[in-house]
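One structure is given below, encoded as structure tokens.
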Amino acid sequence: MRSSTITGLGRYIPRRIMTNAELEQLVDTSDEWIVSRTGIRERRIAEPDQASSDLAYEASIEALADAGVSAEEIDLIIVGTATPDMLFPATACILQDRLGAKQAGAFDVSAACTSWAYAAAVAHGYVSSGQADTVLVVGTETLSKIINWKDRNTSVLFGDSAGAVVMKPCEPGKGFLSFHLGSDGSGGPFIALPAGGSRLPASYETVEREQHYLTMNGREVYKFAVRCIPRAIEEAVKRAGIDIEDVDLFIPHQANIRIIDAAAERLRQPKEKFFVNVERYGNTSAASVPVALYEAVRSGQVKEGDVVVMVAFGGGLTWASSAIRWTMPTQNSTSAR
Ligand code: ACO
């Protein structure tokens, strides 16, 4: 059996910056509250005419160029997103068409903020079993489109962006060393978008009741995240057959700095080993980990041979972790753009 590795990285960050000061004008909140409770100082917001596939397209173009791969060479496109362009067709199919990836199968993975991490695990299965040689894995979100901008419990937390990677085969012992996926559907109501599906089809009433917006029980999600991240990291490390001290960098889902700090403390690992960019983007859901990975690599925090452990959690409830020995022959790994 072969393994898989990441051979190209891309990201797209919308231009529009929304600061905490701007949010103070929309809801009863303050920069002090947001920074002290979450670590978030600003987030990016997509344009009104930008959908998740548009962000995904830009990130994918960069990842393909970085990997030196043409669209025709892609065997499979997997898009992880909680904010697809529409219920169907899949955002991956819209992306496939725009890229001109004529040989590619395409589908979406839905695991809320964990979607990209799940998608990467699926891609690894395809590549390591020999069923695909080149897989494009994208995490893309326009959370701003499903946020209730009058709800201070959620509007201060989220942002928009996209991250993409190209995955190709590599020899065992290099590239991805392990994956671990988990779910607990009993916690589903803690983060949900109640209307617009078959349980509660969209209607005037659902819009009136604001059920087309994301709802969240922040305290429950917080408790879940603080429990789940250390366990998921330990599982990825165990499955990789390494020791936690062998990990050079942790790349956690960027939801809240307090969650990341609490995980570091529970694992007795220095905070410096946890990559953080939540202050600039907020929680970008499925895009969070691939964008963080991109920035960690581009800024030189990940070097050839380093062991990186990525961990995500989110609605479902879901969580996923992976360990990778960095082998990327990236052509552009000089500075963050
Ligand atoms: N500004 C000011 N006050 C606020 C705000 C705000 N934006 N939001 C809530 N408050 C108030 C609350 O109303 C509450 O007031 P009360 O005590 O009078 O009732 C008080 O602040 C404290 O509220 P808590 O919920 O206890 O605040 P907490 O310290 O738990 O922080 C937070 C809230 C930031 C939401 C935290 O619970 C959290 O980060 N949870 C995890 C969220 C998360 O990661 N979600 C993403 C999941 S991934 C996915 O799949 C989408």
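Every number for a ligand or one of its atoms is a count from 1 in the order of the listing.
In this structure, the side chains of N217 and P189 stay at 4.5 Å or more apart for every pair of heavy atoms. Side-chain contact between W149 and S144 is present, with heavy atoms from C-beta onward closer than 4.5 Å.
For the pair H253 and ligand 1, the shortest N or O to N or O distance does not fall below 3.5 Å. Checked against a 3.5 angstrom limit, the closest N/O atoms of G315 and ligand 1 fall inside it. The shortest N or O to N or O distance between T29 and ligand 1 is below 3.5 Å.
Here the side chain of D248 pairs no donor or acceptor atom with the backbone of D306 at under 3.5 angstrom.
The nearest protein atom to atom 40 (N) of ligand 1, hydrogens excluded, is given as G218 O, 3.0 Å; this is a heavy-atom distance. Here the protein heavy atom with the shortest distance to atom 11 (C) of ligand 1 is R152 NH2, 3.6 Å. Ranking protein heavy atoms by distance to atom 8 (N) of ligand 1, first place goes to W33 CH2, 3.3 Å. Among protein heavy atoms, atom 9 (C) of ligand 1 sits closest to N153 OD1, 3.3 Å. Nearest to atom 44 (O) of ligand 1 among the protein's heavy atoms is A255 CB, 3.4 Å. Atom 22 (C) of ligand 1 has its closest protein heavy atom at R37 NH1, 3.5 Å. Residue, atom and distance of the protein heavy atom nearest to atom 31 (O) of ligand 1 are R258 NH1, 3.8 Å. In this structure, the protein non-hydrogen atom closest to atom 51 (C) of ligand 1 is C113 SG, 2.9 Å.
Of all the heavy atoms in D66 and G8, the pair that sits closest is OD2-CA, 3.4 Å.
Using cut-offs of 30° and 60° on the angle between ring planes, the pair H180 and W319 is tilted. Between H124 and F176, the two ring planes are perpendicular [angle over 60°; tilted spans 30° to 60°]. In this structure, Y126 and F107 have tilted ring planes: the angle between them lies in the 30° to 60° band.
When V137, L99, T91, V135 are each tested for a side-chain contact (heavy atoms from CB on, under 4.5 Å) with I77, only one passes: L99. Among I251, L177, I6, the one residue that satisfies the side-chain contact (heavy atoms from CB on, under 4.5 Å) test with I324 is I6.
Below 4.0 Å from some heavy atom of N283 lie the following atoms of ligand 1, by number and element: 46 (C), 48 (S). Ligand-side atoms of ligand 1 in range of A112: 50 (O), range being under 4.0 angstrom from any heavy atom. Close contacts of ligand 1 with T38, meaning ligand atoms under 4.0 Å from a residue heavy atom, involve 34 (C). Interface of F313 with ligand 1, defined as ligand atoms under 4.0 Å from a residue heavy atom, comprises 44 (O), 48 (S). Atoms of ligand 1 lying under 4.0 Å from any heavy atom of G314, numbered from 1 in the order shown and given with element: 48 (S), 49 (C), 50 (O). Shown in contact with N256 at under 4.0 Å from a heavy atom are these atoms of ligand 1, numbered in order with element: 34 (C), 38 (C), 39 (O).
Looking at I191, V226, V156, L157 and measuring to atom 47 (C) of ligand 1, the nearest heavy atom belongs to I191. Relative to atom 19 (O) of ligand 1, the option among E141, E32, R219 with the closest non-hydrogen atom is R219.
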*Begin with the C-alpha distance, continue with both residues' side-chain angles, and end with the deciding distance and a verdict on salt bridge (Lys or Arg N to Asp or Glu O under 4.0 Å) for D246 and R325.*
CA-CA 11 Å; D246 299 331; R325 192 180 302 282; over 6 Å; no

_For E295 and R298: C-alpha separation, side-chain torsions, deciding distance, then whether salt bridge (Lys or Arg N to Asp or Glu O under 4.0 Å) applies._
CA-CA 5 Å; E295 296 196 344; R298 292 283 192 263; over 6 Å; no

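Using a 4.0 Å heavy-atom cutoff, I34 is absent from the residues neighbouring ligand 1.
No chain of hydrophobic side-chain contacts below 4.5 Å, direct or via other Ile, Leu, Val, Met, Phe, Trp or Tyr residues, connects L214 to M86.
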